A.B. asks: 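Pasting a structure below so you can have a look.
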Amino acid sequence: MIKTEAEIKLIRIAGKILSSVAKKVKESVAPGVSLLELDQLTKKLIRDAGAEPTFLGYQPYGAEKPFPASICASLNEVVVHGIPTGYKLKSGDLLKLDFGVTYQGYIADSAFTIGVGKITKQAKDLIEATRNALSVGIRECRSGKTLGDIGWAINNYVVKHGFKVVKGLSGHGVGKELHEDPPVFNEGQKNTGLKLKPGMVLALEPMVSAGDPYITQLEDESYATRDKSLAAHFEHTVLITEKEPEILTR
Ligand code: MG
Ligand code: MG
């Protein structure tokens, strides 16, 4: 799980490309824009930067079909893994976009949630709580801390703000593969689990529900909250160092 300097260098470049692509795609989110348009834009921007969209053709163990797009676009009650369609965004939608970039065989992974047009106060609060839960988790990404410390911090923050961490989905190690060991859970006990060491690269990704924490799988293999309540998702790829955590997808 410890990456070499050479590997970290490549993941860092993948992360830089990802963050600049995600910023441009975010600026394109507006009522009337289709999810397929955002997908095509993402693919073009990633390839223009000399990299590849990681998700395109990705087929994890157990998935029925390879993923057909360059982004996951998940709306409202859908938490993650939404497949972009011709659906045109409407004011009030809560959109989660998840990006993967592969640069010379090394991968960075990051996601954000954005409200389209005018959204409810609850949706705004949910977005903010999830974004902050990610920051709180990243603060625990220090040599000597544990995976349990990350999970505890994320869950504690989410619960305090009246929401629930989605059950059954987690973050992960990332590098040569999109999903590597260890799983990075959004719940946990302080001082338990694997100890963090410099050179580990982890994708932290709190997924938060405004209602029920349980999920169900839809026909397109995406995951939605069982009670159809709104969900938010933020993710960064983070390097554990001797000192401060380095966010590689900032
Ligand atoms: Mg992701
Ligand atoms: Mg991920």
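Read the numbers this way: they start at 1 and go in the same order the structure lists the ligands and their atoms. Given the structure is predicted, the values throughout are model-derived calculations rather than measurements. Sequence positions, counted from 1, serve as the residue numbers for this chain.
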A.B. asks: By the rule that ILVMFWY residues connect when side-chain heavy atoms come within less than 4.5 angstrom, directly or transitively, which residues belong alongside Val136?
C.D. replies: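 When side chains under 4.5 Å apart are linked, the cluster holding Val136 also contains Tyr157.
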A.B. asks: Would a distance-only check, ignoring hydrogens and angles, find a side-chain to backbone donor-acceptor pair under 3.5 Å from Ser74 to Val78?
C.D. replies: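 Looks like no, no N/O pair under 3.5 Å.
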A.B. asks: By residue and atom, what protein N/O/S atoms are less than 2.8 Å from the Mg ion (ligand 1)?
C.D. replies: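 Checking every protein N, O and S atom gives Asp98 OD1, Asp98 OD2, Asp109 OD1, Glu235 OE1.
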A.B. asks: Assert yes or no for the condition that the ring centre distance of Tyr58 to His81 is strictly below 6.0 Å.
C.D. replies: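 Not under 6.0 Å, so no.
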A.B. asks: Within this structure, what is the CG-NZ distance for the pair Asn186 and Lys167, rounded to the nearest 0.5 Å?
C.D. replies: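 Between Asn186 CG and Lys167 NZ, I get 10.5 Å after rounding to 0.5 Å.
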A.B. asks: Is it possible for you to check whether Lys26 lies under 6.0 Å from the centre of the six-membered ring of Phe112, through NZ or CZ, and within 45° of that ring's axis?
C.D. replies: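 Yes, Lys26 sits over the ring of Phe112.
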A.B. asks: Could you give me the CA-CA distance, side-chain angles and deciding distance for Leu94 and Leu126, then say whether side-chain contact (heavy atoms from CB on, under 4.5 Å) is met?
C.D. replies: CA-CA 10 Å; Leu94 202 64; Leu126 178 68; 4.1 Å; yes
A.B. asks: Flag His172 as yes if one of its N/O/S atoms falls below 2.8 Å of the Mg ion (ligand 2), otherwise no.
C.D. replies: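 Checking His172: at least one N, O or S atom is under 2.8 Å.
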